[in-house]
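Keep in mind that what you see is a predicted model, and the values were worked out from it rather than measured. The chains referred to below are lettered A, B, ... by the order of the sequence lines, with proteins before strands, and numbering in each begins at 1.
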Amino acid sequence: MQLYLNGEPRTVEATTVAELVATLNLGGRRVAVERNERIVPRSKHADTVLEEHDRIEIVHAIGGG
Amino acid sequence: MSIDDRHSAAQRPGVEDLPLTIAGRAYRSRLLVGTGKYRDFDETARAIAASQAEIVTFAVRRANIGQDPDAPNLLDVISPERYTLLPNTAGCYNARDAVRTCQLARELLDGHSLVKLEVLGDERTLYPNVVETLKAARELIDDGFGVMVYTSDDPIVAAELESMGVCAVMPLGSLIGSGHGLLNPYNLSLIVEAARVPVLVDAGIGTPSDASLAMELGCQGVLMNSAIAHARHPVMMANAMRKAVEAGREAFLAGRMPRKTYAAEPSSPVEGRIQG
């Protein structure tokens with residue numbers, strides 16, 4: 001399935017947000033996920049099924065002022 | 001409490017300063033710091049520790065896909081248990097992006113909803129876009145966020161933001177990252193005099209005397225990043241900034257002497273001088 005992940009097209013085998021986060025080596029890290037401009041709460045990652053052409057944003061904290 | 005009331009309270013012996021209160025939480029430190037531009041996380045952690053800041057701001061960005069799972073994370077360095085974390089919307093140029101960024105930050109921090117809103121106007125100056133800032137502030141407040149808002153030093157805009165319900169107004173001293181200090185202390189005084197929420201100078205501080213001046217004007221705090229991170233010795237500068245903010249605050253509460261054109265009264269008594 002093709003997604004837009006952080007603005008870039010990407011083909012993935014994951015079927016849920018939780019699987020996607022895990023396959024990207026981001027499992028257990030402090031990240032926040034948006035699917036089609038709506039927040040996906042951490043508690044819903046496992047239940048949120050991905051669909052073709054979903055726009056996924058995965059963000060984290062970095063240094064800034 | 002008006003500035004005059006605070007002055008007279010400080011004049012009474014034994015009256016101590018009240019803590020800085022933001023969104024219902026009290027802080028001893030009036031210095032807020034950023035986490036950008038340091039050499040590495042170790043320097044970030046040491047500088048923040050030296051500043052004794054309790055509120056620390058950070059940015060929200062796309063995660064590096066395929067990154068090393070063991071790479072250190074900023075939130076390991078500035079733990080949410082030790083600091084009040086203040087996600088910011090730096091780099092947002094419209095209200096929509098700023099609101100999305102705050103919603104992602106709230107998810108990132110498990111529901112913590114205090115944010116630093118900044119919506120920039122152009123990439124050359126990073127001057128705030130107050131039109132988009134006002135729009136974003138309204139949406140965020142309606143969505144339950146505590147909003148500390150970066151804005152211009154326009155007193156009318158500051159009053160408008162306060163009336164919307166922001167929990168702190170944060171005018172610039174000068175442009176972000178410029179180190180020019182306080183270019184319009186008179187405007188900052190107008191904002192401080194009228195405000196009922198904390199006013200903190202955010203942006204433009206270059207050196208400790210700038211931070212002291214902001215506090216002497218009656219600002220409730222100062223937020224800075226580059227002035228510490230871009231110093232030759234950031235940890236030492238963080239310590240200097242802590243002292244400058246404390247000194248400025250005490251000077252404000254103590255109430256400075258009146259300015260005079262010339263010293264009509266010498267400090268030493270006139271009586272008893274030997275005279276030939």
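In this structure, the portion of B/Pro72 lying under 4.5 Å from any heavy atom of chain A is its backbone and not its side chain. With a 4.5 angstrom heavy-atom cutoff, B/Thr44 does not touch chain A via any of its atoms. At a 4.5 Å heavy-atom cutoff, the contact between A/Ile39 and chain B is made by side-chain atoms alone. Heavy atoms closer than 4.5 Å to chain B are found in the side chain of A/Leu26, but not in its backbone.
Using modelled atom types, no side-chain atom of A/Asn6 and backbone atom of B/Ile65 make a donor-acceptor pair closer than 3.5 Å. Counting only distance, with no hydrogens or angles, the side chain of B/Thr57 and the backbone of A/Gly65 share no donor-acceptor pair below 3.5 Å.
Within a 6.0 Å sphere centred on CD of A/Glu52, heavy atoms belonging to other residues, nucleotides or ligands number more than 12. Other residues, nucleotides and ligands place no more than 12 heavy atoms under 6.0 Å from the CD atom of B/Glu123.
Using non-hydrogen atoms only and a strict 4.5 Å limit, no part of residues 229-243 of chain B faces chain A. Of residues 102-118 of chain B, those residues lying under 4.5 Å from chain A by any heavy-atom pair are B/Gln103, B/Leu104, B/Glu107, B/Leu108, B/Leu109, B/Asp110, B/Lys116, B/Glu118.
Options A/Arg10, A/Arg30, A/Glu8 differ in how many heavy-atom pairs under 4.5 Å they form with chain B, and the most are formed by A/Arg30. Comparing A/Pro41, A/Gly28, A/Gly27 by heavy-atom pairs within less than 4.5 Å of chain B, the highest count is held by A/Pro41. The choice from B/Leu86, B/Ile176, B/Val60 that makes the most heavy-atom pairs within less than 4.5 Å of chain A is B/Val60. Your options are B/Met224, B/Arg96, B/Lys37, and the one with the most heavy-atom pairs under 4.5 Å with chain A is B/Arg96.
A/Val59 places none of its side-chain heavy atoms less than 4.5 Å from the side chain of B/Arg61.
Salt bridge status for A/Glu34 with B/Arg62: absent, with no side-chain N to carboxylate O gap under 4.0 Å.
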